[in-house]
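What follows is a short report on a single structure.
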Amino acid sequence: MLAPVPSDSGIDISGTVRERAARELRDRILTGTLPAGSRLDLDAITEEFATSRTPVREALLELSFEGLVRVAPRSGVTVIGISSGDVLDSFTILGVLTGQAAAWAAERVKPDELAALRELAADVAARSGDDSIGEANWLFHQRIHRAAHSQRLMTQIKQAARVVPTNFLTLFPDHEKHSLDEHRELLDALAVKDAERARTIAERHVLDAGRSLVDWLERRDH
């Protein structure tokens with residue numbers, strides 16, 4: 001499963017306080033932990049992240065731009081949430097972008113990059129069942145995106161990938177084996193420079209993840 005791409009520099013995915021708050025609250029909304037209609041307490045969030053109000057306000061403003069919360073002067077912050085249709089639309093868009101990245105990577109990947117990808121894929125597999133698999137998975141997919149050698153595409157993927165909960169593989173352990181199998185298929189396509197097969201595998205990889213999230217949310221709501 002594709003993991004989010006919070007940054008194009010370094011390995012640290014913790015980010016600033018604003019980024020961490022936005023990411024954590026976004027995850028809670030995307031997974032239904034904060035359902036639509038929930039009111040967010042600014043003071044409680046500020047205390048949770050041990051920070052001042054400013055980065056929390058900035059994080060909430062970011063989520064409002066994404067359509068996940070409504071910020072009103074008098075009524076405070078209310079969760080709008082995300083519908084099943086919105087999830088599928090978002091994952092479809094992300095799938096198209098990551099499919100293009102995989103296709104370009106098949107055409108442009110260098111031998112040392114392919115070797116690094118194989119090591120990263122092995123690291124993801126080695127962490128099966130462990131909470132740390134999410135970060136390893138993120139690193140693997142980020143390296144594929146970089147192998148496309150298109151900064152413009154990286155920027156678009158970074159924006160679109162926000163719809164993926166950072167704890168996806170922890171939430172959906174049944175999806176894990178399927179995901180690891182597709183990693184191997186994708187590496188094989190990159191190795192023989194089969195751009196269209198790489199595109200198909202990467203796009204399907206993301207769409208399957210979107211359907212898993214939708215099914216989980218619908219079961220949770222009933």
Side-chain angles (χ1 to χ4, degrees), residues 1-8 13-15 18-38 40 58-71 77-102 133-146 148 152-176 178-179 182-183 186 199 201-221:
M1 166 53 214
L2 177 83
V5 188
S7 172
D8 186 36
I13 61 173
S14 60
R18 176 190 61 77
E19 290 168 340
R20 286 192 294 108
R23 184 170 62 248
E24 176 61 30
L25 294 172
R26 185 186 296 111
D27 279 358
R28 294 176 191 177
I29 294 170
L30 292 174
T31 58
T33 303
L34 285 173
S38 301
L40 300 184
E58 291 172 348
L60 292 171
L61 189 59
E62 181 177 328
L63 297 181
S64 74
F65 289 149
E66 295 172 16
L68 296 177
V69 303
R70 180 183 299 109
V71 180
V77 182
T78 306
V79 174
I80 297 174
I82 186 167
S83 69
S84 296
D86 289 337
V87 171
L88 285 178
D89 285 353
S90 296
F91 273 80
T92 298
I93 293 166
L94 180 58
V96 170
L97 293 170
T98 57
Q100 185 60 58
I133 192 172
E135 182 174 350
N137 188 57
W138 169 76
L139 290 170
F140 171 73
H141 285 283
Q142 186 198 46
R143 187 65 65 91
I144 290 178
H145 303 154
R146 285 180 172 172
R152 187 174 295 275
L153 183 57
M154 280 284 291
T155 299
Q156 295 297 319
I157 291 175
K158 176 183 175 181
Q159 182 68 29
R162 290 179 175 179
V163 74
V164 185
T166 55
N167 59 343
F168 186 92
L169 288 180
T170 305
L171 275 177
F172 307 106
D174 292 342
H175 195 82
E176 189 179 295
H178 178 62
S179 182
E182 288 191 330
H183 286 181
L186 184 52
R199 183 198 305 276
I201 294 167
E203 191 165 339
R204 184 183 67 215
H205 193 66
V206 174
L207 290 176
D208 285 349
R211 294 187 188 103
S212 292
L213 180 55
V214 167
D215 290 345
W216 186 79
L217 288 172
E218 289 180 344
R219 287 197 304 271
R220 183 187 176 103
D221 292 341

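- Atom-to-atom distance recorded for Ile144:CD1 and Gln142:CD is 11.0 Å, nearest 0.5 angstrom.
- Once rounded to the nearest 0.5 Å, the distance linking NE2 of His205 with OG1 of Thr98 reads 8.5 Å.
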Evaluate Ile157 against Met154 for side chain to side chain contact (heavy atoms under 4.5 Å, CB included), listing each step before the verdict. CA-CA 5 Å; Ile157 291 175; Met154 280 284 291; 5.6 Å; no
Take Val163 and Ile82 through the side chain to side chain contact (heavy atoms under 4.5 Å, CB included) test and state the conclusion after the steps. CA-CA 10 Å; Val163 74; Ile82 186 167; 4.3 Å; yes
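- Taking both residues in full, the closest heavy atoms of Ile29 and Gly81 are given as CG2-CA, 3.8 Å, listed atom of the first, atom of the second, then distance.
- Counting only residues at least two apart or on different chains, no side chain to side chain donor-acceptor pair (under 3.5 Å) pair has a member in residues 88-97.
- For the pair Gln100/Gln156, no side-chain contact is recorded, criterion being any heavy-atom separation below 4.5 Å from C-beta on.
- In this structure, CG in Leu213 is found 10.0 Å from CD in Glu218, a value given to the nearest 0.5 Å.
- One distance of note links CZ of Arg20 with CD of Glu24; it measures 10.0 Å at 0.5 Å rounding.
- Residues meeting the salt bridge (charged side-chain N to carboxylate O under 4.0 Å, His left out) test with Glu62, sequence neighbours left out: Arg18, Arg26, Arg162.
- Of the inter-residue distances, the one linking Leu34 atom CG with Thr78 atom OG1 reads 11.5 Å to the nearest 0.5 angstrom.
- Within the 4.5 Å cutoff, the side chain of Leu25 has no heavy atoms near those of the Val69 side chain.
- The nearest pair of heavy atoms linking Gly210 to Val87 is O-CG1, 4.0 Å.
- Note that CD of Glu203 and CZ of Phe91 are 13.5 Å apart. Values are rounded to the nearest 0.5 Å.
- Closest heavy-atom contact between Ala36 and Ile80: CB-O, 3.2 Å.
- Taking the six-membered ring where tryptophan is involved, the planes of His183 and His141 are perpendicular, since the angle between them exceeds 60° and thus also 30°.
- Smallest separation of non-hydrogen atoms from Ser64 and Val71: CB-CG2, 4.0 Å.
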Candidate pair Val77 and Leu63, rule side chain to side chain contact (heavy atoms under 4.5 Å, CB included), full reasoning: CA-CA 10 Å; Val77 182; Leu63 297 181; over 6 Å; no
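- What you find for Ala22 and Ala59 is that their closest heavy atoms are N-CB, 3.7 Å.
- Using a 4.5 Å cut-off on side-chain heavy atoms (C-beta onward), Leu207 and Arg204 make no contact.
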Verify side chain to side chain contact (heavy atoms under 4.5 Å, CB included) between Asp208 and Arg211, making sure each step is shown before the conclusion. CA-CA 5 Å; Asp208 285 349; Arg211 294 187 188 103; 3.1 Å; yes
